[in-house]
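Note on naming: letters A, B, ... go to the chains in the order of the sequence lines (proteins, then strands), and numbering restarts at 1 for each one. Hydrogens, waters and symmetry mates play no part in the numbers below; they use all other heavy atoms, side chains included.
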Protein chains: 2
Amino acid sequence: MPRSLKTAEIEKNSHLDYFNIAVSVDCVIFGYDNKELKVLLIKSDLEEFTGLWSLLGDLVRLDEDIESAPYRVLKERTGLDDVYLDQVYTFGDLGRHPSGRVITTAYYSLIDIKHQLKLTHNELHWHKVNDIRKLAFDHKNILDRSLERLREQVMEHPIIFNLLPEKFSLRELQDLYQAILGVNLDRRNFRKKIAHKDWLLDLDEMENDVPHRPGKLYKAKTQFRKNPGKRKTNRAEARSLID
Amino acid sequence: MPRSLKTAEIEKNSHLDYFNIAVSVDCVIFGYDNKELKVLLIKSDLEEFTGLWSLLGDLVRLDEDIESAPYRVLKERTGLDDVYLDQVYTFGDLGRHPSGRVITTAYYSLIDIKHQLKLTHNELHWHKVNDIRKLAFDHKNILDRSLERLREQVMEHPIIFNLLPEKFSLRELQDLYQAILGVNLDRRNFRKKIAHKDWLLDLDEMENDVPHRPGKLYKAKTQFRKNPGKRKTNRAEARSLID
DNA sequence: ATTTAATGTGTCGTAAGTACATATTTACTA
DNA sequence: TAGTAAATATGTACTTACGACACATTAAAT
């Protein structure tokens, strides 16, 4: 039996009961601003966690695929549509939710703070990922795992562009990589590596809002995958692992 | 509402009902024998899938962590203890289970067929992964994803040794890699790469059961992680992604 | 003794990773 | 308008990893 479950709380949380496991999704919504990686959080609505922030989540509905749930949550809470989402991990320890037995599947999302978001809900706030020490539930753990996954994915797949406006300079791109990976990169080597990936389209345009020599502007050439649910095995990838 | 859900079926499957999502785990149990990657399957017990095989799974109990469930399933069905398990993905499409709404979290497991398994259940059978075309439920999809994950993990982490007996030769190890990755590898380059990883302990022993020049025997030096639930981010890994 | 079938290295060309320096362009300001 | 500051843009040399490839060695079987 869940630890801190009392009858009063069951009534308060009518969607939870003693006899079933509830299924939820939580969204780790990453954004990038002012050279910092951010995550969108909401004030926790549970007494146990007053003052703490939490991820955006909801119970999975009986009539929706689990993959649809995080899209719905993002749409409902932020108005965002057509975002990049990837499943990270499913968390289901006994004590993770004080109101009952809830298993949650975490998704992370990459969005462009500046151009995409209209915050409809004033309890939502962007937080610097690096400054976060504690969150409600096990959400700090979920955040850590999501960041870990983001770091793994970001050099292998052309997904990082979801965090940037359509047009960006190589400096902006490098700053973003540095914010995500938490390391400084050599500019010349970084550019060689990016050039080699063939992800960028040279727009033949220049920055015009910088107080120094403007850089060239690029846009992402590659189509990012928006629905990661059903992937194909890539034989070539497997091969490159060894020989 | 689930597609093919009828009252009769609900009665037959008393653990499922109209009003809640059920949570299960499925185990993709990999083994290795005769130069082939195998997976342990059980005959499906559902009418809809008579004649088809399925993964070993069970509903998650109300009083166990989700991570504990696959360990329990393995213990109950095969007697296996202390195995390597890793969570792969959570599948939750509406129509995936004919008897109701069931969301399942897939784990893959690596075990040594020869020395560990006492099949207690005579409906269990090892199947060649390469020969599997169709499984019950969405289990073929789950198997594909698990194999994909195994292929990704197997060069990065010293987990492959869970599929081998304690002592093994480099040839056996290479054969196993080839079975998993589905490619042939150059022996010299393979050995260089493995040597470079510093995963092996030279036992100063020789094979003695082979009809040709015997090779040296090795054992795994590295401790495999048995409980992958809570990983730490590795700063050095992140750095190596860029430069 | 010869054959067979594997083990156990080494080399060389190529590609990628890493450390590092100089010239160039624009905005700013004095 | 000339000089300065700050960033862009690019190249080279070193080292390490990858990939294709060949030959000598060892033990078992005949």
* **Set of side-chain contact (heavy atoms from CB on, under 4.5 Å) partners for A:Ala106, sequence neighbours left out** =>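 Testing A:Ala106 for side-chain contact (heavy atoms from CB on, under 4.5 Å), a comparison that skips the adjacent residues, returns A:Val88, A:Phe91, A:Ile142.
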* Any donor-acceptor N/O pair, B:Glu36 side chain to B:Lys128 backbone, under 3.5 Å ->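 No: the side chain of B:Glu36 does not pair with the backbone of B:Lys128.
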Output a table of nitrogen or oxygen pairs between the protein and nucleotides 2-8 of chain D separated by less than 3.5 Å.
residue: D:dT8; atom: OP1; partner: A:Arg171; partner atom: NE; Å: 2.8
residue: D:dT8; atom: O2; partner: A:Arg213; partner atom: NH1; Å: 2.4

* Contact under 4.0 Å: A:Lys192 side-chain N or O vs C:dG17 OP1/OP2 -> no
Check the distance between [N]'s [atom2] and [X]'s [atom1] and give it to me in whole angstrom.
X: B:Arg188; N: D:dA24; atom1: CZ; atom2: C1'; value: 13 Å
X: B:Ile194; N: D:dC18; atom1: CD1; atom2: P; value: 11 Å
X: B:Lys193; N: C:dG8; atom1: NZ; atom2: C1'; value: 20 Å
X: B:Asp186; N: C:dT9; atom1: CG; atom2: C1'; value: 12 Å
X: A:Met206; N: C:dT25; atom1: CE; atom2: P; value: 10 Å
X: A:Asn184; N: C:dT18; atom1: CG; atom2: P; value: 15 Å
X: B:Asp175; N: C:dA6; atom1: CG; atom2: P; value: 10 Å
X: B:His196; N: D:dG19; atom1: NE2; atom2: C1'; value: 16 Å

* Qualifying residue, where the test is side chain to side chain donor-acceptor pair (under 3.5 Å) with B:Asp202 and the options are B:Lys219, B:Lys216, B:Lys221 -> B:Lys216
* Structure fact -> Note: A:Leu200 and A:Phe161 closest approach over all heavy atoms is CD2-CE2, 3.6 Å
* Indicate the atoms forming the closest heavy-atom contact of A:Tyr108 with A:Ser146, along with that distance. =>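 Result for this residue pair: CB-CB, 4.2 Å.
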* Asked: Should B:Asp112 and B:Lys114 count as an ion pair when the cut-off is N to O under 4.0 Å?
  -> no
